[in-house]
Colleague: 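Pasting in a structure now, in structure tokens, and then I'll have a few things to ask.
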2 protein chains.
Amino acid sequence: MTTEPLSRARIVTAAIDLIEREGADAVSMRRIAAELGVGVMSLYNHVPNKDALLNGVAEAVLSEIEFTDDPDADWTDRVRSQARAFRQIAHHYPRCTMLVVSRQLSSAAGLLPVERALATLRSAGFDGPDAVRMVRLFIAFIVGSLLREVGVTPTFAPVHHRHLAGAEAVDPALFPEVSALAPLLGACDHDAEFEFGVELLIQAITVLHARKEGTH
Amino acid sequence: MTTEPLSRARIVTAAIDLIEREGADAVSMRRIAAELGVGVMSLYNHVPNKDALLNGVAEAVLSEIEFTDDPDADWTDRVRSQARAFRQIAHHYPRCTMLVVSRQLSSAAGLLPVERALATLRSAGFDGPDAVRMVRLFIAFIVGSLLREVGVTPTFAPVHHRHLAGAEAVDPALFPEVSALAPLLGACDHDAEFEFGVELLIQAITVLHARKEGTH
DNA sequence: ATTGACGGACGTACGGTGTACGTGCCAGCC
DNA sequence: GGCTGGCACGTACACCGTACGTCCGTCAAT
């Protein structure tokens with residue numbers, strides 16, 4: 001059994017595996033070291049500290065986004081596919097999602113999605129300031145959506161009824177709308193919800209686009 | 001000096017103060033107890049554990065939202081003011097924002113904003129499913145926006161240049177758009193950005209509204 | 001007035017955490 | 001052959017959440 005020589009990459013992937021298996025709370029230097037069959041302090045030869053390790057996790061997850069961008073496609077389709085790509089990794093690493101969105105990364109991994117998005121929006125004819133605004137808007141929507149989707153499953157148990165275990169848990173007098181719409185609030189088709197949001201944003205942007213074109 | 005008798009409320013506000021002063025990482029039972037001039041274990045007479053305490057913090061912050069809803073106003077204005085109210089507390093308790101959005105609350109404090117939003121959307125003529133969709137969309141956008149605004153300042157230092165310390169830090173060959181738009185990406189007028197997003201969402205919703213009305 | 005129960009403040013203790021620091025092994029180079 | 005530098009490792013320390021036992025003030029019933 002040739003134990004290959006421990007590297008930052010091996011440590012990061014071990015951390016990712018551990019997070020996905022047992023949640024972010026289970027991560028500790030000792031735990032990761034044990035997972036790798038290695039002394040705790042050996043980790044510090046490849047990673048300056050735990051925080052940097054977690055940044056590495058976020059980077060690694062983010063860099064697995066598969067952008068299959070077709071420059072010839074309609075810009076709306078390109079936006080759609082990029083939004084979906086972003087969301088797809090969140091589903092591949094659900095327990096890591098919180099980590100990814102809660103750390104702003106200055107590395108290449110964090111910049112590439114922005115680069116792609118800016119490129120397609122510029123090619124669609126938006127000027128710089130507008131393109132930046134659009135990207136920020138889309139990222140806000142995507143991050144917020146992913147947080148909701150993931151926050152629903154902190155234990156990863158398929159709890160569909162969320163905070164509304166029963167309709168009687170919420171007082172209809174205080175919260176008439178919430179209690180009336182409890183069934184709708186309890187069940188959430190995340191896919192449909194996400195697609196709806198993306199379409200609505202794209203449509204809104206298209207309108208704004210046409211309006212600017214018209215004022216030329 | 002009459003030391004008033006320690007209560008869940010006092011503990012929670014001490015925690016909030018501590019978080020705002022020194023960040024979320026500074027919170028520990030021992031630290032909070034010291035802040036209150038009290039033994040550590042005394043806290044557990046009023047709070048079952050740290051997690052519940054943090055939930056209490058999130059609830060307290062959330063319940064400070066000031067909804068000055070005018071039922072006679074235009075529904076778009078009501079949506080605007082609700083979105084702004086949500087954002088305002090995030091600016092009042094910037095270091096607590098992450099806590100608030102990362103915990104889904106089943107309490108009244110968490111439900112009230114949803115109730116308000118549903119009520120205004122229903123009064124605007126949306127049916128149940130559409131209203132729920134809209135609320136989810138808005139919350140996703142708001143949460144994502146707040147995370148960006150707050151994530152920019154984890155140290156609360158007014159770092160305006162973010163991840164782009166200098167334009168030369170990012171390789172123009174790899175990231176042409178990012179490097180070209182670096183000045184725009186570096187500086188962000190959060191207020192304007194938020195208002196832009198809210199207006200765009202409202203406009204998109206209005207279009208969708210009109211379309212549904214037309215198909216009657 | 002005495003007693004009893006009880007709630008809340010507190011100290012101690014245990015297992016776990018991140019990581020600073022020193023030690024020893026082993027490969028590569030002079 | 002001896003030196004040097006990198007890497008695995010153990011020990012140690014300060015801090016964490018919290019289970020548990022203790023003590024004391026207050027109040028009810030006797």
Side-chain angles (χ1 to χ4, degrees), chain A residues 1-60 95-96 98-100 102-103 105 154-155, chain B residues 1-60 95-96 98-100 102-103 105 154-155:
Chain A
M1 151 170 168
T2 83
T3 82
E4 59 181 319
L6 193 55
S7 64
R8 179 186 165 98
R10 285 216 321 140
I11 295 174
V12 168
T13 66
I16 293 179
D17 288 351
L18 181 57
I19 292 177
E20 288 307 322
R21 252 186 303 121
E22 309 193 16
D25 292 345
V27 194
S28 80
M29 292 300 178
R30 287 170 164 83
R31 193 76 168 72
I32 293 174
E35 212 81 13
L36 289 166
V38 117
V40 192
M41 294 316 288
S42 307
L43 302 179
Y44 287 87
N45 289 323
H46 306 269
V47 165
N49 53 45
K50 184 182 183 181
D51 209 59
L53 198 170
L54 295 181
N55 277 336
V57 168
E59 269 183 52
R95 320 279 280 259
C96 290
M98 194 58 170
L99 250 178
V100 174
S102 66
R103 297 172 174 262
L105 306 176
T155 63
Chain B
M1 152 171 165
T2 81
T3 82
E4 60 180 317
L6 194 58
S7 65
R8 178 185 165 97
R10 284 215 322 139
I11 295 174
V12 168
T13 68
I16 293 179
D17 288 351
L18 182 58
I19 292 177
E20 288 306 323
R21 253 185 303 121
E22 308 193 15
D25 291 345
V27 266
S28 79
M29 291 299 177
R30 287 170 162 87
R31 192 77 167 70
I32 293 174
E35 213 80 12
L36 289 166
V38 116
V40 192
M41 294 316 289
S42 307
L43 302 179
Y44 286 89
N45 289 324
H46 306 268
V47 165
N49 53 44
K50 184 183 182 181
D51 209 59
L53 197 171
L54 295 183
N55 278 336
V57 168
E59 269 183 53
R95 319 277 283 257
C96 290
M98 192 57 170
L99 249 179
V100 174
S102 67
R103 295 170 175 266
L105 306 176
T155 64

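Source: prediction; values computed, not measured. Every chain is numbered from 1, with letters handed out A, B, ... down the list of sequences. Side chains included, hydrogens not; waters and symmetry mates left out as well; all remaining heavy atoms used.
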Colleague: Please report the closest heavy-atom contact between Lys50(A) and Val27(A), naming both atoms and the distance.
Modeller: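 So the minimum-distance heavy-atom pair works out to NZ-O, 3.3 Å.
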Colleague: Tell me: CD1 of Ile11(A) to P of dG18(C), nearest whole Å?
Modeller: 13 Å
Colleague: For the CD atom of Glu35(A) and the CZ atom of Arg21(A), what is their distance to the nearest 0.5 Å?
Modeller: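 Atom-to-atom, Glu35(A):CD and Arg21(A):CZ are 4.5 Å apart.
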Colleague: Please examine the side chains of Leu36(B) and Arg10(B), heavy atoms only from C-beta on, and report whether any two atoms are closer than 4.5 Å.
Modeller: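 Result yes, sub-4.5 Å side-chain heavy-atom pair found.
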Colleague: Heavy atoms only: give me the nearest His46(B)-Leu6(B) pair and the separation to one decimal.
Modeller: CE1-O, 3.1 Å
Colleague: Nearest whole angstrom, please: distance from the C1' of dG16(C) to the CG of Asp25(A).
Modeller: 13 Å
Colleague: Let me know the distance between CG of Asn49(B) and C1' of dT18(D), rounded to the nearest Å.
Modeller: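 The answer, rounded to whole Å, is 9 Å.
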Colleague: Would you kindly give the CG-to-P distance between Leu36(B) and dG8(C), to the nearest whole Å?
Modeller: 16 Å
Colleague: Rounded to the Å, how far apart are Met29(B) CE and dC10(C) P?
Modeller: 16 Å
Colleague: Taking only side-chain nitrogens and oxygens of His46(A), does any of them come within less than 4.0 Å of OP1 or OP2 of dG6(D)?
Modeller: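 False: His46(A) side-chain N/O out of range (4.0 Å or more) of dG6(D) OP1/OP2.
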Colleague: Using a cut-off of 4.0 Å on non-hydrogen atoms, how would the nucleic acid contact of Val40(A) be classed: base, sugar-phosphate, or nothing?
Modeller: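 Base: the residue Val40(A), judged by heavy atoms under 4.0 Å, touches a nucleobase.
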Colleague: Grab the CG-C1' distance between Leu6(B) and dC10(C) for me, whole Å please.
Modeller: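 The answer, rounded to whole Å, is 12 Å.
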Colleague: Has the side chain of Arg30(A) got a donor or acceptor that lies under 3.5 Å from a partner of the other kind on the base of dG16(C)?
Modeller: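 Donor-acceptor pair under 3.5 Å: no.
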Colleague: Provide, to the nearest angstrom, the distance between the CG atom belonging to Asn45(B) and the P atom belonging to dA19(D).
Modeller: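 Answer to the nearest Å: 12 Å.
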Colleague: Given dC7(D), is OP1 or OP2 found less than 4.0 Å from the side-chain N or O atoms of Ser42(A)?
Modeller: no
Colleague: Between atom CG in Leu53(A) and atom P in dT19(C), what is the gap in whole Å?
Modeller: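 To the nearest whole Å, that distance equals 10 Å.
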